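Side-chain atoms are counted along with the backbone in the values below, which use heavy atoms only and exclude waters and symmetry mates. For clarity, every value in this text was computed on a predicted model and none was experimentally measured. Per chain, numbering begins at 1; letters A, B, ... match sequence-line order.
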Protein chains: 2
Amino acid sequence: MLRMSKLTDYATVLLAHMAYERHISSAGELAEATQLAGPTVSKLLKTLARAGLVDSVRGPQGGYALARLPEQISAADIIDALEGPVAITECSAGAGQCELESVCHVGSAWQRINRGIRTALGEVSLLDLQDRASPLPGLDLAAEARGATSSANRA
Amino acid sequence: MLRMSKLTDYATVLLAHMAYERHISSAGELAEATQLAGPTVSKLLKTLARAGLVDSVRGPQGGYALARLPEQISAADIIDALEGPVAITECSAGAGQCELESVCHVGSAWQRINRGIRTALGEVSLLDLQDRASPLPGLDLAAEARGATSSANRA
DNA sequence: CTGTAGAGGACCATTTTAGTACTATTTAGC
DNA sequence: GCTAAATAGTACTAAAATGGTCCTCTACAG
């Protein structure tokens with residue numbers, strides 16, 4: 001578990017396809033190409049357009065195309081567009097929203113883990129996702145999560 | 001989003017408390033101490049016991065205690081116990097479960113990201129979660145996610 | 001034996017997610 | 001202008017996951 005929603009997954013498939021075919025395509029064409037249900041594709045593209053990840057053109061010959069170069073769209077962008085900011089726990093979305101704060105010994109660890117994951121996802125571009133041959137860049141979760149100091153007291 | 005369930009969050013609170021109080025406590029006492037609802041605490045502890053993260057003793061004076069030292073219980077263990085294996089996409093749980101594989105250009109990237117996150121969570125122990133002063137160890141998501149080679153083609 | 005405490009399910013209510021449908025708006029082409 | 005192709009926006013429904021509760025059974029200390 002700890003998973004993102006199916007729609008987010010579909011969105012990556014869509015975007016990866018759009019990165020592959022560089023030209024503008026209608027929602028219908030994209031649905032056809034990706035084998036996803038038409039209405040779902042429409043809905044996703046509208047959301048992605050609102051988030052600024054794709055540009056839309058209305059009217060006949062209209063359709064959608066990536067708003068930026070594939071390498072400038074990150075996995076974090078996609079997740080943000082569809083699910084809002086990454087937050088593995090409710091607390092980790094921000095401070096002070098947790099009524100258990102006084103008794104809870106968990107503290108800020110999740111928040112740091114969260115930031116780390118988020119940073120890692122920010123490092124992965126659509127280009128990395130799209131091209132199955134490309135070796136992922138070094139997801140440097142470490143840097144952000146490390147936060148303060150530390151290195152190893154691990155077993 | 002991309003979040004773990006509330007129950008998992010509660011479980012960390014519980015376990016962190018158990019790591020703090022080293023002695024055996026009944027479900028009721030733990031509920032009291034953590035301000036979580038009694039039945040929910042019971043359910044969680046049962047699940048955790050089944051997963052082997054806590055030991056249980058029945059009968060009067062019974063209760064629960066950590067089965068291992070706090071530093072030997074990882075965030076990944078906790079998530080695994082409550083939600084099953086981490087898998088941010090359905091595909092990433094394993095290969096061949098995706099009927100879109102032929103048309104999907106996304107390939108294995110998510111799987112590698114997933115492994116990275118999982119490894120990172122495996123590096124964080126209950127001790128790190130419990131002690132709010134402790135600086136997290138370096139979550140080396142990089143190593144696993146990098147997988148093959150690569151280092152930087154990032155902007 | 002009796003009471004306390006966990007084990008294991010079954011169950012229900014709520015929320016979230018996925019998917020669909022409908023109406024309005026824009027615009028190319030005739 | 002008119003028409004048709006396409007997106008924009010929103011509302012709605014169905015299904016699934018989640019969170020939470022309850023009930024019965026078993027183990028064991030006193």
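In this structure, CG of A/Asp55 is placed 14 Å from P of C/dT27, rounded to the nearest angstrom. For A/Met4 and C/dT16, the CE to C1' distance is 17 Å, given to the nearest whole Å. At whole-Å resolution of the value, CD1 in A/Ile24 and P in D/dA5 are 17 Å apart. If you take CG of A/Leu45 and P of D/dG9, they are 13 Å apart, rounded to a whole angstrom. Taking atom CG of residue B/Leu7 and atom C1' of nucleotide C/dT16, one finds them 15 Å apart after rounding to whole Å. Rounding to whole angstrom units, CG of residue B/Leu44 and P of C/dA7 are separated by 13 Å. Here the P atom of nucleotide C/dT20 and the NZ atom of A/Lys6 are 11 Å apart, to the nearest Å. Between the P atom of C/dG6 and the CE atom of B/Met18 lies a distance of 10 Å, rounded to the nearest Å.
Residues B/Asp128 and B/Glu123 share a closest heavy-atom pair of OD2-O, 3.9 Å. The minimum heavy-atom distance linking A/Gly52 with A/Ala67 is given by the pair O-CB, 3.4 Å. The two residues A/Ala11 and A/Ile78 have their closest heavy-atom pair at CB-CG2, 4.2 Å. Across B/Ser74 and B/Leu121, no two heavy atoms sit closer than the pair CB-O, 3.8 Å. The two residues A/Leu7 and A/Leu44 make their nearest non-hydrogen contact at O-CD2, 3.6 Å.
Looking at A/Thr34, its side chain does come within 3.5 Å of a backbone N or O of A/Leu30 through a donor-acceptor pair.
Contact between the side-chain N/O atoms of A/Tyr64 and the OP1/OP2 oxygens of D/dA8 is found at a separation under 4.0 Å. Under 4.0 angstrom from either OP1 or OP2 of D/dA8 there lies at least one side-chain N or O belonging to A/Ser56. The side chain of B/Tyr10 places no N or O atom within less than 4.0 Å of a non-bridging phosphate oxygen (OP1 or OP2) of D/dG19.
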Q | Nucleic acid footprint by protein, nucleotides 21-30 of chain D - heavy-atom cut-off 4.0 Å, B for base, S for sugar-phosphate alone | A | B----BBBS-
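Closest to the side chain of A/Ala49, from the set D/dA8, C/dA7, D/dT18, is D/dA8. Picking from C/dG8, D/dG19, C/dG6 the nucleotide with the shortest atom distance to the side chain of B/Ser26 gives C/dG6. Closest to the side chain of B/Ala27, out of C/dG6, C/dG9, D/dG19, is C/dG6.
As judged by a 4.0 angstrom heavy-atom cut-off over every strand, A/Gly63 is placed among residues touching the sugar-phosphate backbone only.
When only modelled atom types and interatomic distance are considered, A/Glu71 and A/Ser125 share no side-chain donor-acceptor pair under 3.5 Å.
Summary of the strand contacts: A/Ser5 and B/Arg50 both lie near DNA chain C, and taking for each the nucleotide with the nearest heavy atom, the more 5' one is attributed to B/Arg50.
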